[in-house]
Amino acid sequence: MNRQSLAPGLDGQEAGIAARPAARGRGRVRRSFRVEPWTLIWIGATLILLFLVIAPMLRLLISSLQSTDTGAFTLENYVIAYGNQRRLIGLGNSLLYGGAVVLVSIGFAVPLAWAVARTDMPGKSVVRATVLGAFITPSYLGAIGWILLAGPNAGWINRAWKAVTGADTGLFDVYSFAGLVLVTALYAFPYIFVFTADALDRVSSEMEEAAHILGMSPLRTVFKVTLPLVLPAVLGGSIIVFLDTVALFGTPAVIALPARINIMTLQLWQFFEFPVRAEAAAAYAVPLVLITMAMLALQRLILGRKGYVSLTGKGGGRHHMALGRLRWPVLGLCLVVCSLAVFLPYAALAQAAFSRAWGQGFSFANLTFGNFAYLFKEASSRQIILNTFTYSAATACVAVVLALIVAYVVSRRLVPFGGVLAGLCMAPLVVPGIVLAIGFYAVYSTPPLALYGTAAILVLGFTTRFLPIAFANCMAGLRSLNPEMEEAVRILGGSRLLAVRRVVVPLLKKSLVGTWLLVFIPASRELSTAIFLVAAKTRVISVMILDLSENGSFELLAALGFFLLGVTILIVLLGYRLVGRDFLLRKA
Amino acid sequence: MGKANWVPPLLAVIGLGLLAASGARAETAHEKELYEAAKKEGSITWYSGILDQPICDKVGQAFSAQYPGIQFDVIKTTSQVAFQRLLQDLKAGQVQADVFTTTDIGHMVFLKSKDELVQYVPENEAGLVPALQHVDPDGYYHTGWVGLSAIVYNTAKVKPADVPKDWPDLTDAKWKNQITFGSPNYSGMVGVWTVAMAERYGWDYFTKLNELSPQIGRSIDDSVTVLNSGERIVGMGNPATAIRSAAKGNPLAVVYPTSGTLMVISPSGIIKGTAHPNAAKLFMEFIAGPEYSKILVQNFEQPLRTDVAPATGAKSLADMKLFAPTAEQIDKELPPNKAKWRDTFGM
């Protein structure tokens, strides 16, 4: 449907009150062709998007068709990549891994999101903060914490189990497919949590009240009214979790490798051994793009033509469901998830972070703050910490602005090729970070850009990497916003830019802050892209953690992990403070 | 007896002794020449695949202290990543790294064959331990670091009577579910270990190891972390990392195998086409010089020079029985070993 202004002859200036047009055009109603500022903005955004996404990916596609030695056109890379049974098994295992992680993550995230956003459960801020803690934790670090907890021989849980029950073997071996899926899901479920809680925050209670009036029990209401309304958010989050899991390197390296589980990214690493065959690596990764397209098509199929609008211009508030005696069991369930994700692994890591020598075990003589002191004393580590947060903040700002513009254009169907734009925005997520990074390196470090060694190359790389998340979240937010309010602005004479600035952005304020954090946090722990793009002065925390782990400096590694957690939580709390009170919450 | 005419010579001897004791170095003429030219170039970038970032930073600080006016930048990554970055730079026609150091000698063989290295033999090479000299007979690359591979174990969990003494002892059935080591698919040093063990004991050595359900990590230093956690109690690792960790109080100890400790030489070379050739040459001199070896010793690594003593608690190269595969052997046997490893261990 064409969303152009219904009042031709008006220009896009401020405070369009209908009385204006009489003064203009001497009474003639001209259909003037004026270029709205909004048009320029979204064209500019599209061009930037094309450059950020298409350039590296085209480079990857071209190199997948190039011979390593001669650069001539060839299909041999695809043969190398897929002509080996182990590689095919790796791909199959990865898809299975991704699917399992999605299911477990939904199991963790949706009940928690519902409890936090729609009920009067106590201790919500603790749960929210812990979920954020899980989100901030690099999955690699969480996996190490879980190895300390559930390693078959020396894991705390297993040792306790053996001591209490006298059994021969422990309770849970983290070096198994189940262990791999659990540990990954514990640090991936926050994506789905944030999307779902965000969507639930915006659902007004009218429909639930209507169901209640018509006699539906509260439980059935939850399953048949509330949750279906947030299906787009759950699906959006699930797609991101799936693709992120398939492209993950850190956790598989730490758990799947010793467990001898063949995963695609571990296979991919082989192409970077000497002799390096980056072209074959690109070929191995290219079909994942096809998988992404399939998933997006599936999402469209599931969501169909049903309406998910829940935020309208007619007002309405929402109130929390009273749980009564169920409050405490529900809180207990939430706290179990929080313990698994944050409390337990960090307790295990704390033993290392506060030890002089963590292999010695716990003793008062072994306790020290020295590891944290080192982080502050060393000028290089201070620089690294500052770099990480500066680059992540810059990435988040650029990604949110770009994503909002493109999401708006796509969701309001302002252009016929919206689907292509959506696909472009989502494409970078599926390409494993390490392969994408090579594309970035090739495109950005050569002339005329020659951004090698600068902070800009890192910010650009991260922006491309996390644009899909920002885009998916903005789309979810915009989908729940009925266009009638923007149309009201246009009818009254305002430009589309005015509608976005004064109506859409304020309504989605909380969602936008959430989107900003959804980019900021993964950017501050991103590893595979950073490895290739950092230079001496632009190193970041994730690279430092990798370096520390590769030479056994476990105490410092754990201390750095705590530090990352602490500072990021502070930044997040600041973000929530800026957003202010939830204006939809009806006073009881 | 004349009037104390033994005083001036004594004073001279004392003076020289003080001068020697203070470690004051006189710059050689060649060094001075390089320094003057390097100062004009202004900076140097080192792609390092060795040590860790803090130690590499210390190396940079020492270099800048000795040769002020030259900006020093170092990027420490694993050798694979460093090599991949170097190749990308060369493909783009932009030389970013002046000096490249890697744990995988195959990288240097490759670069030399593509004529990407500068031939330069540092003056200070003469002061190196003889086994570390002339790594490349043509002088394109030289020793930058010596990695050792030996047996490491957790002292809290292994009884002194059970401590393995030599490489074949690792395949003993009593180590089932107790042993750990890295993977040649991720670590250059573990790769060289597979070449050395396969040469001596045949690939059957690894088939026997597989029966013990070993925990296989990535880097050679992963075994130190696993041993510290107590998850496994015996393994193959780098003595320097183990001793560094033990010095902090961790329950680790090193066994230098009776039939020989494996020595892996990590070469450094100057990249052709760099904008700072003199600074690069000066750094190569520095690497072969005493200051660099002293930094290595402070971190329990092996010094490269005969005139720098190793750290207390660490053995010097001269006191060890060493063996090392040749560069040709590594070049030829490592790639098929990686494939055999995947067949044997599944990953």
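None of the values given here were measured: they were computed from a predicted structure. Quick note on labels: first sequence line is chain A, next is B, and so on, each numbered from 1.
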Student: Could you check whether any side-chain heavy atom of B:Arg342 comes within less than 4.5 Å of a side-chain heavy atom of A:Asn262, counting everything from C-beta outward?
Tutor: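 No, too far: nothing below the 4.5 Å cut-off.
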
Student: What closest approach, in Å, do B:Asn177 and A:Asn153 show between heavy atoms, and which atom pair accounts for it?
Tutor: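 Answer, listing the atom of B:Asn177 first, then A:Asn153: O-ND2, 3.4 Å.
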
Student: For A:Ala253, is it the side chain, the backbone, both or neither that has a heavy atom under 4.5 Å from a heavy atom of chain B?
Tutor: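 Both the backbone and the side chain of A:Ala253 come within 4.5 Å of chain B.
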
Student: Which answer fits A:Glu555, side chain, backbone, both or neither, if we ask what part of it has an atom under 4.5 Å from a heavy atom of chain B?
Tutor: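 For A:Glu555, the side chain is the part near chain B, not the backbone.
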
Student: Side chain, backbone, both or neither: which part of B:Thr241 has a heavy atom under 4.5 Å from chain A?
Tutor: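 Just the side chain, heavy atoms under 4.5 Å.
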
Student: Within the distance-only criterion (no hydrogens, no angle test), does the side chain of A:Arg260 pair as donor or acceptor with the backbone N or O of B:Met347 below 3.5 angstrom?
Tutor: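 Checked: no pair found.
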
Student: Does B:Lys114 NZ have over 12 foreign heavy atoms under 6.0 Å away?
Tutor: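 No - once you tally the heavy atoms of other residues, nucleotides and ligands closer than 6.0 Å, there are 12 at most.
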
Student: Is A:Ile384 close to chain B through its backbone or its side chain, or both, or neither, when contacts mean heavy atoms under 4.5 Å?
Tutor: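 No part of A:Ile384 comes within 4.5 Å of chain B.
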
Student: For B:Glu231, which atoms come within 4.5 Å of any heavy atom of chain A: side chain, backbone, both, or neither?
Tutor: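 For B:Glu231, the contact with chain A is made by backbone and side chain together.
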
Student: Which atoms of B:Asp57 come close to chain A, meaning under 4.5 Å heavy atom to heavy atom: side chain ones, backbone ones, both, or neither?
Tutor: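 Side chain only.
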
Student: Using side chain to side chain contact (heavy atoms under 4.5 Å, CB included), reason through A:Val543 and B:Lys76 one step at a time and then give a plain yes or no.
Tutor: CA-CA 10 Å; A:Val543 173; B:Lys76 156 76 183 78; over 6 Å; no

Student: With a sphere of 6.0 Å drawn around NZ of B:Lys176, does it hold more than 12 non-hydrogen atoms of other residues, nucleotides or ligands?
Tutor: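 Yes, enclosed.
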
Student: Is chain B contacted by the side chain of A:Leu548, its backbone, both, or neither, given a heavy-atom distance below 4.5 Å?
Tutor: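 For A:Leu548, there is no contact with chain B at all, as no heavy atom is under 4.5 Å.
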
Student: Only heavy atoms, only distances under 4.5 angstrom. Which residues in residues 243-253 of chain B are near chain A?
Tutor: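 When heavy atoms of chain A are the reference, residues 243-253 of chain B contributes B:Lys248, B:Gly249, B:Asn250, B:Pro251 within the under-4.5 Å range.
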
Student: If you count heavy-atom pairs under 4.5 Å with chain B, which of A:Ile147, A:Val254, A:Ile261, A:Leu148 comes out on top?
Tutor: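 With the most close heavy-atom pairs to chain B, the winner is A:Ile261.
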
Student: Which one wins on heavy-atom pair count under 4.5 Å against chain A: B:Gly346, B:Ser229, B:Ser79?
Tutor: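 Option with the top pair count is B:Ser229.
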
